[in-house]
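Below: the structure, in C-alpha cells.
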Amino acid sequence: QVQVAESGGGLVQPEGSLRLSCVLSEFTFDEYYGMAWFRQAPGKEREGVAGIDSDGQNRYADSVKGRFTISKDKAKNTLYLQMNSLKPEDSAMYYCAADYYVGGSSWSHEVEYKYWGQGTQVTVSS
C-alpha cells in the first residue's frame with residue numbers, strides 16, 4: 001500500500017522561501033515513475049505546479065517557472081519542492097502525487113496520478 005505524506009508548509013512573508021517534502025512509502029522509484037506537486041486555493045480548481053515525468057524531465061507551470069524547483073532523492077523516497085520568491089497568490093494547499101508512467105504532455109493532469117497525499121498548507125502573507 002503506497003502512502004504519501006507531505007510536510008514543510010507554513011506561513012511565510014512575501015518574497016520568502018519554503019521547501020516542501022513528500023515521502024512516498026512502498027513506492028518504487030523505478031525508471032517509469034512520474035511525480036508532481038499540485039495546489040488548490042479556496043474557490044479554485046487544483047492545478048499542477050511542478051512535476052517530473054517518466055522521461056525524467058522537470059516540468060513547471062508558467063506561473064512558477066524561475067521561482068520553484070522540483071527535485072527528488074531516490075535513496076530517501078522523497079520528492080521536494082523548493083519555493084522561492086513566494087507571492088500571496090502562491091497561497092494554497094499543496095499536494096504531492098505519484099504514479100507509474102506519466103507522460104510529459106500530461107504531467108499536470110490529475111487523472112494521471114493514482115497516489116495522493118493529504119496536503120500541506122502554504123500561506124504567503126505579511
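Remember, it's a predicted structure, so these values are computed and weren't measured experimentally.
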[X] and [Y]: which non-hydrogen atoms are nearest, and at how many Å?
X	Y	answer
R67	S85	NH1-O, 2.9 Å
S91	A41	O-CB, 3.7 Å
L24	A98	CD2-CB, 3.3 Å
L79	M35	CB-CE, 3.6 Å
T78	S21	CG2-CB, 4.3 Å
Y60	W107	C-CZ2, 3.7 Å

Would you indicate whether the side-chain heavy atoms of [Y] and [X] approach each other to under 4.5 Å?
X	Y	result
P14	L86	no
T69	L81	no
S7	T120	no
F38	E110	yes
M83	V122	yes

Is a side-chain N or O of S108 found less than 3.5 angstrom from the main chain of G48, in a donor-acceptor match?
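Pair absent, no side-chain N/O of S108 close to backbone of G48.
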
Backbone of V23 reached by a side-chain donor or acceptor of N77 within 3.5 Å:
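No; zero donor-acceptor contacts below 3.5 Å.
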
With the 4.5 Å side-chain cut-off for hydrophobic clustering, are [X] and [Y] part of the same group?
X	Y	result
Y100	W116	no
V49	I70	yes
V2	Y113	no

Which class fits the ring pair Y115 and F27: parallel under 30°, tilted 30 to 60°, perpendicular over 60°?
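Perpendicular, since the angle between the ring planes exceeds 60°.
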
Say you draw a straight line from [atom1] of [X] to [atom2] of [Y]; how long is it, rounded to the nearest 0.5 Å?
X	Y	atom1	atom2	answer
L18	D90	CG	CG	10.0 Å
I52	S71	CD1	OG	7.0 Å
Q13	S125	CD	OG	8.5 Å
M93	Q40	CE	CD	9.0 Å
L20	Y94	CG	OH	7.5 Å

For the residue pair R59 and W37, would you count it as a cation-pi contact if the rule is NZ or CZ under 6.0 angstrom from the ring centre and within 45 degrees of the ring axis?
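No, R59 does not sit over the ring of W37.
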
Does R39 make a cation-pi contact with Y95, if we ask for NZ or CZ under 6.0 Å from the ring centre and within 45° of the axis?
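Judged by the rule, R39 and Y95 form no cation-pi pair.
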
Just wondering, are more than 12 heavy atoms of other shown residues or ligands nearer than 6.0 Å to CD in E45?
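Not more than 12 within 6.0 Å, no.
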
Classify the side-chain pair N84/S17 by whether it contains a donor and acceptor separated by less than 3.5 Å.
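There is such a pair between these side chains.
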
Is it true that D62 and K65 make a salt bridge, defined as a side-chain N closer than 4.0 Å to a carboxylate O?
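Looking at K65 together with D62, the answer is yes, because their closest N to O distance falls below 4.0 Å.
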
